[in-house]
Amino acid sequence: MVIRKLEENIYKKRIDDLFNEWKNKDIHKNQVFISDGVVCPKIWFNSIKRPLFLLKEANNGEDHDWSLINDYLTKNDPIIFKTWKNISLWTKGLLNTTEKYIEKYDPDDNVINKFNNKYLNSISVINVKKSHGTKESDMDEILKYAEIDRKYLLEELKICDPNIIICGYTIDALKIILGYDIKKQNNDHLFYYTKFNNHDVMIIDYWHPSNFFPGIMNYYGLMHAYQQAIIKHKEDVGEFL
């Protein structure tokens with residue numbers, strides 16, 4: 001597979017231009033705007049697997065605009081939030097799991113205890129709702145923002161160019177962003193495929209990483225769905241990635 005590569009400075013210009021226009025929309029103007037996207041472009045655009053986590057919103061907690069990437073995920077601070085420990089573990093599994101092998105669940109991996117770890121540096125993150133963030137998400141509100149900001153969310157997806165999308169209880173928002181119902185494919189599993197940016201993209205319809213299910217169940221549920229998606233693609237089309 002030929003991977004489209006974007007130089008780091010080109011990505012930065014495109015994403016900065018997008019966010020500068022986006023945050024000046026009436027619904028976001030004079031609100032705390034939280035940008036996101038590719039965590040480490042140098043790694044991301046040279047990786048075979050590019051997993052993007054589509055999440056709901058970030059709780060602002062600030063009185064000024066900030067970046068989920070620059071002010072949070074790439075800082076060398078301890079991870080105290082379940083969301084990012086789970087995403088680190090899930091990413092480790094996604095990067096190492098194959099058609100014939102599932103990466104072992106290892107919650108004691110010391111790497112996941114700090115931000116700026118090698119797993120977080122291998123992902124992208126998009127929050128559907130970029131301002132007015134709250135601790136408890138209202139799905140009607142999330143879907144409203146998916147509709148209002150569809151143009152910008154779709155462009156951000158194009159700029160990030162993932163080939164794996166993990167929906168953190170956001171597949172209904174992704175339907176709005178893409179403009180069609182990916183689940184109409186009548187798949188009884190948790191995975192779907194679509195064409196995006198002229199290549200196949202695997203979409204996994206999963207729970208939010210801060211859910212209350214046991215960590216081991218979360219992990220192996222996702223890895224099983226991912227592995228089955230790889231197998232299904234190989235049977236129907238050929239090797240995925």
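One-based numbering along the sequence shown.
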Exercise. Hey, does Phe196 have a side-chain heavy atom less than 4.5 Å from the side chain of Leu154?
Worked result: yes
Exercise. Does the pair Leu95 and Ser122 meet the rule for a side-chain contact (heavy atoms from CB on, under 4.5 Å), with working shown?
Worked result: CA-CA 9 Å; Leu95 294 178; Ser122 299; 3.9 Å; yes
Exercise. Please walk me through it: do His224 and Gln228 pass side-chain contact (heavy atoms from CB on, under 4.5 Å)?
Worked result: CA-CA 6 Å; His224 175 76; Gln228 291 303 305; 3.6 Å; yes
For this session: Can you label the angle between the Tyr145 ring and the His28 ring as parallel, tilted or perpendicular, going by 30° and 60°?
Result: tilted
Exercise. Just by distance, with hydrogens left out, do Tyr101 and Asn96 show a side-chain donor and acceptor under 3.5 Å apart?
Worked result: no
Problem set entry | Flag if over 12 foreign heavy atoms under 6.0 Å of CG, Asn9 | yes
Exercise. Do Trp22 and Asp149 have side-chain atoms, one donor and one acceptor, less than 3.5 Å apart?
Worked result: yes
Seminar exercise, completed: Closest heavy-atom pair, Pro41 versus Tyr11, reported as atoms and distance to 0.1 Å, is CG-CD2, 3.6 Å
For this session: Check step by step if side-chain contact (heavy atoms from CB on, under 4.5 Å) holds for Lys25 and Ile148.
Result: CA-CA 10 Å; Lys25 287 187 65 179; Ile148 292 170; 3.5 Å; yes
Exercise. How close do Leu153 and Ala146 get, heavy atom to heavy atom, and via which atoms?
Worked result: CD1-CA, 3.9 Å
Exercise. Can you tell me how far OG1 of Thr170 sits from CG of Leu54, rounded to the nearest 0.5 angstrom?
Worked result: 3.5 Å
Exercise. Can you say whether the rings of Trp66 and Tyr72 are parallel (under 30°), tilted (30 to 60°) or perpendicular (over 60°)?
Worked result: perpendicular
Exercise. With no hydrogens and no angle check, is any side-chain donor or acceptor of Lys183 less than 3.5 Å from a backbone partner on Ile171?
Worked result: no
Exercise. Can any side-chain N or O of Asn211 pair as donor or acceptor with the backbone N or O of Trp207 at less than 3.5 Å?
Worked result: no
Problem set entry | Approximate separation, where rounding is to 0.5 Å, of Ile216 CD1 and Leu89 CG | 11.0 Å
Exercise. Taking a hydrophobic cluster as the set of Ile, Leu, Val, Met, Phe, Trp and Tyr residues connected by side-chain heavy atoms closer than 4.5 Å, whether directly or through intermediates, do Leu190 and Met217 fall within one such cluster?
Worked result: yes
Seminar exercise, completed: Taking every heavy atom of Leu174 against every heavy atom of Leu157, the minimum-distance pair comes out as CD1-CD1, 4.1 Å
For this session: Kindly work out whether a path of hydrophobic side-chain contacts (I/L/V/M/F/W/Y, heavy atoms less than 4.5 Å apart) joins Ile102 to Ile48.
Result: yes
Exercise. Nearest heavy-atom pair of Ile182 and Thr194: which atoms, and what distance?
Worked result: CD1-CB, 3.6 Å
Problem set entry | Any Leu18 side-chain heavy atom under 4.5 Å of Arg14 side chain | no
Exercise. Hey, quick one: are Val111 and Ile123 part of the same hydrophobic cluster, counting side-chain heavy atoms closer than 4.5 Å, chains of contacts allowed?
Worked result: yes
Exercise. Going only through I, L, V, M, F, W and Y residues with side-chain contacts under 4.5 Å, is there a path from Ile80 to Leu68?
Worked result: yes
Problem set entry | Check ion pair Glu141-Lys144 (N to O, under 4.0 angstrom) | yes
Exercise. When you measure from the side chain of Arg150 to the backbone N and O of Ile177, does any donor-acceptor pair fall under 3.5 Å?
Worked result: yes
For this session: Among Tyr192, Tyr226, Phe191, Tyr193, find the one that has a ring-ring contact (aromatic ring centres under 6.0 Å, His included) with His233.
Result: Tyr193
Seminar exercise, completed: On a heavy-atom basis, the closest approach of Ile87 and Leu55 is CD1-CD1, 4.1 Å
For this session: Please examine the side chains of Ile176 and Leu143, heavy atoms only from C-beta on, and report whether any two atoms are closer than 4.5 Å.
Result: yes
Problem set entry | CG on Asn46 to NZ on Lys42, rounded to 0.5 Å | 9.5 Å
Problem set entry | Backbone of Ile69 reached by a side-chain donor or acceptor of Thr74 within 3.5 Å | yes
Exercise. What are the two closest heavy atoms between Lys75 and Phe115, and how far apart are they?
Worked result: O-CB, 3.0 Å
For this session: Run through Val39, Ile165, Asp161, Leu52 and flag the one making a side-chain contact (heavy atoms from CB on, under 4.5 Å) with Ser124.
Result: Leu52
For this session: Examine distances only and state if a side-chain atom of Lys85 and a backbone atom of Asn113 form a donor-acceptor pair shorter than 3.5 Å.
Result: no
Exercise. Under the side-chain contact (heavy atoms from CB on, under 4.5 Å) criterion, do Asp138 and Ile142 qualify, and how do the steps go?
Worked result: CA-CA 6 Å; Asp138 179 330; Ile142 300 300; over 6 Å; no
For this session: State, without any angle test, whether Asn163 and Asp200 hold a side-chain donor-acceptor pair at a distance under 3.5 Å.
Result: no
Exercise. How many angstroms lie between atom CG of Asp36 and atom CG of Asn70, to the nearest 0.5 angstrom?
Worked result: 11.0 Å
Exercise. Can you find a pair of side-chain heavy atoms, one from Lys23 and one from Lys29, that are under 4.5 Å apart?
Worked result: no
For this session: Find the distance between CD1 (Ile203) and SG (Cys167) and round it off to the nearest 0.5 Å.
Result: 6.0 Å
Exercise. Are Tyr169 and Ser137 close enough that a side-chain donor and a side-chain acceptor fall under 3.5 Å?
Worked result: no
Exercise. Hey, are the side chains of Asp109 and Lys92 touching, using non-hydrogen atoms and a 4.5 Å cut-off?
Worked result: yes
Problem set entry | Donor-acceptor pair, side chain of Gln227 and main chain of Thr98, under 3.5 angstrom | yes
Exercise. With distance as the sole criterion, is a donor-acceptor pair present between the side chains of Asn117 and Ser88 under 3.5 Å?
Worked result: yes
For this session: Just do the ring-ring contact (aromatic ring centres under 6.0 Å, His included) check on Tyr119 and Trp90 with the steps written out, would you?
Result: CA-CA 9 Å; Tyr119 309 126; Trp90 293 2; over 10 Å; no
For this session: For the residue pair Asn127 and Lys129, establish whether any side-chain heavy-atom pair is separated by less than 4.5 Å.
Result: no
Exercise. Have Tyr152 and Glu21 got a donor and an acceptor in their side chains that come within less than 3.5 Å?
Worked result: yes
Exercise. Less than 4.5 Å apart, any side-chain heavy atom of Pro51 and any of Trp44?
Worked result: yes
Problem set entry | SB check Glu156 Lys130 (cutoff 4.0 Å) | yes
Exercise. Would Val125 end up clustered with Ile43 when hydrophobic side chains under 4.5 Å apart are linked, directly or stepwise?
Worked result: no
Exercise. Got Ile164 and Leu241 here, is their nearest side-chain heavy-atom distance under 4.5 Å?
Worked result: yes
Exercise. By side chain to side chain donor-acceptor pair (under 3.5 Å), which residues pair with Lys13, not counting sequence neighbours?
Worked result: Asp17
Exercise. Are there more than 12 heavy atoms of other residues, nucleotides or ligands under 6.0 Å from atom CG of Asn198?
Worked result: no
Exercise. Quick check: does any side chain N or O of Thr97 sit under 3.5 Å from a backbone N or O of Glu103, one acting as donor and the other as acceptor?
Worked result: yes
Exercise. Rounded to the nearest 0.5 Å, how far does NE2 of His208 lie from CG of Asn86?
Worked result: 10.0 Å
